[in-house]
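The structure under discussion appears below in the form of structure tokens.
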Number of protein chains: 2
Amino acid sequence: MNNYEHVLVALRRVIRATDLHSKRLSKNAGLTGPQLLIMRTIRELGEVTIGTIADKVSLSQATVTTILDRLEHRQLVYRVRSTQDKRKVHAHLTESGADILSRAPNPLQEDFIKKFQSLHEWEQNMILASLQRVANMMDADDIDASPVLDVGPVLKDDGWKEKA
Amino acid sequence: MNNYEHVLVALRRVIRATDLHSKRLSKNAGLTGPQLLIMRTIRELGEVTIGTIADKVSLSQATVTTILDRLEHRQLVYRVRSTQDKRKVHAHLTESGADILSRAPNPLQEDFIKKFQSLHEWEQNMILASLQRVANMMDADDIDASPVLDVGPVLKDDGWKEKA
DNA sequence: TTTACACCTCTAACTATTAGAGGTCTTCGC
DNA sequence: GCGAAGACCTCTAATAGTTAGAGGTGTAAA
């Protein structure tokens, strides 16, 4: 094994981990990426308005609204309209929402970035160079993930959104 | 007494009645004209949105909102956000609101218009002519009204609108 | 008479929701 | 495999209500 091969192996481990992240979430935790992201934001900021969430996660308010609709329907979050400013709505995690979130997979990508940045700069550069090479070689035959959580069906519309 | 004097007396009775209408409302019933108008609209239409009220009474939504704030604070009306369309808010009369409204003075002006229009045209014309004359003579030394209702202070801000 | 206060009213800005349209990805039946 | 259906994401535009801010009226009290 030469150096490149070692790098390649390491990279594959990282790629596998980050790559499987979203699949784990959507298939096993019952939470999609945006859903998880929003729930984390709520946990992090506590009582938080829809607008703030939208800013934080860089989505439109409309998008956040519809995602919250789904989460609320599954009773993972709930909304409380502000009494100070009736235009505003505060989102909260329900008990079961917080519970599920605490058992949900960590944001691997962020972890990885943090770790990557703790390396020496020449290490980062080397890895980056390898990465670009590897990208050309990669034809990933990948690995299966084991189930983690189950919050309910992601791919099942039980007709909760009754039209007016 | 000649004819004009009779007319004058009759007119004064009408004028007194209509003139005192708004004063009665604001000073004795504890409800201003717009407040009463909005409450009547709610009673008439039942579960009704702010927008509909605004249309009905020809005021802006913003104005209706602030008036409803005051009425709600006095517990004469309450709001319920629609579950069908969370943008919408339905206004309702509280029990005491309905009660007070039922005992509030009638919309005298409308009554008067109706009655006036039921007269013969020549009668209307005669009265109108008299009216114009009377207007020049009138230097009303008017009558006091007796209290009717008391819903609480109109001219007292008990600091309910706490700022954010 | 001046001042303060309660109220009315508006426009403009703001917050959230909904409608509607277009997109991805997965699953299911042929 | 391939097409259709379902669940989801995302957006812009429209809509509903609220709030900020500014200007006005009328009453009451100093």
Side-chain angles (χ1 to χ4, degrees), chain A residues 22-23 25-38 48-55 57-74 79-91 151-164, chain B residues 19 22-38 48-55 57-74 79-91 151-164:
Chain A
S22 64
K23 293 201 177 176
L25 295 179
S26 71
K27 297 197 62 175
N28 298 314
L31 293 172
T32 67
Q35 286 172 358
L36 193 64
L37 192 57
I38 286 173
V48 67
T49 65
I50 276 68
T52 305
I53 296 174
D55 282 350
V57 303
S58 294
L59 292 172
S60 70
Q61 284 192 345
T63 301
V64 173
T65 291
T66 62
I67 292 175
L68 281 181
D69 283 345
R70 294 193 183 98
L71 291 175
E72 195 169 26
H73 174 248
R74 291 191 218 171
R79 291 186 240 227
V80 177
R81 193 162 286 262
S82 165
T83 52
Q84 302 300 313
D85 185 337
K86 296 205 205 81
R87 290 172 298 189
K88 292 183 181 170
V89 169
H90 295 295
V151 210
V154 178
L155 294 172
K156 192 172 164 214
D157 181 352
D158 35 333
W160 56 281
K161 203 182 182 181
E162 61 267 12
K163 298 282 180 183
Chain B
D19 224 43
S22 62
K23 294 200 178 177
R24 270 208 193 108
L25 294 179
S26 68
K27 299 196 61 176
N28 298 313
L31 292 172
T32 67
Q35 286 172 358
L36 193 64
L37 193 57
I38 285 174
V48 67
T49 65
I50 277 68
T52 306
I53 295 174
D55 282 350
V57 303
S58 294
L59 292 173
S60 69
Q61 282 193 343
T63 301
V64 172
T65 291
T66 63
I67 292 175
L68 281 181
D69 283 345
R70 289 192 252 270
L71 292 175
E72 195 170 26
H73 173 248
R74 290 190 218 171
R79 292 186 239 227
V80 177
R81 193 162 287 262
S82 165
T83 52
Q84 302 300 312
D85 185 337
K86 298 206 203 81
R87 291 172 299 189
K88 291 185 182 169
V89 169
H90 295 296
V151 212
V154 177
L155 295 172
K156 192 170 164 217
D157 182 351
D158 35 333
W160 56 281
K161 204 183 181 181
E162 62 266 13
K163 299 280 180 184

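A quick note: this is a predicted structure, and the numbers were derived from the prediction, not measured. A, B, ... follow the sequence lines: proteins, then strands. Residue 1 opens every chain.
- OP1 or OP2 of C/dC8 sits under 4.0 Å from a side-chain N or O of B/R70.
- Smallest separation of non-hydrogen atoms from B/H90 and B/S82: NE2-CB, 3.7 Å.
- In this structure, the nucleotide among C/dT9, D/dG17, D/dT10 sitting nearest to the side chain of A/P34 is D/dT10.
- Proximity of A/Q84 to the phosphate of D/dT18: no side-chain N or O atom is located under 4.0 Å from OP1 or OP2.
- Neither OP1 nor OP2 of D/dG17 sits under 4.0 Å from any side-chain N or O of B/T65.
- Rounded to whole angstrom, the span from the CG atom of B/D55 across to the C1' atom of D/dA16 amounts to 12 Å.
- Separating the OG1 atom in B/T66 from the CD atom in B/Q61 is a distance of 12.0 Å, to the nearest 0.5 Å.
- Among C/dT17, D/dT18, D/dC9, the nucleotide with an atom closest to any side-chain atom of A/Q35 is D/dC9.
- The side chain of B/R79 lies closest to D/dT18, out of D/dT18, D/dA13, D/dC8.
- Mapped onto DNA chain C by nearest heavy atom, A/V89 and B/S58 fall at different nucleotides, with B/S58 at the one closer to the 5' end.
- Listed here is the closest heavy atom pair of B/R81 and B/K86: NH1-O, 2.7 Å.
- Side-chain proximity of A/T63 to C/dC8, D/dT10, C/dT15: nearest is D/dT10.
- Note that CG of B/L36 and CG of B/L71 are 9.5 Å apart. Values are rounded to the nearest 0.5 Å.
- Between A/R87 and the phosphate of D/dT15, there is no side-chain N or O to OP1/OP2 separation shorter than 4.0 Å.
- Phosphate contact (OP1/OP2 of C/dT9, side-chain N/O of B/Q61, threshold under 4.0 Å): absent.
- For the pair A/L37 CG and D/dC8 C1', the interatomic distance rounds to 15 Å; values are reported in whole Å.
- To the nearest angstrom, C1' of D/dA16 lies 11 Å from NE2 of B/H90.
- When all heavy atoms of A/T49 and A/K88 are compared, the pair lying nearest together is CG2-CD, 4.0 Å.
- The separation between A/I53 atom CD1 and C/dT17 atom C1' is 14 Å, rounded to whole Å.
- Residues B/S60 and B/K86 each lie close to DNA chain C; by heavy-atom proximity, the contact nearer the 5' end of the strand is made by B/S60.
- Atom CG of B/L68 is separated from atom C1' of C/dC8 by 14 Å (rounded to the nearest Å).
- The phosphate of D/dA16 has neither OP1 nor OP2 within less than 4.0 Å of any side-chain N or O from B/T49.
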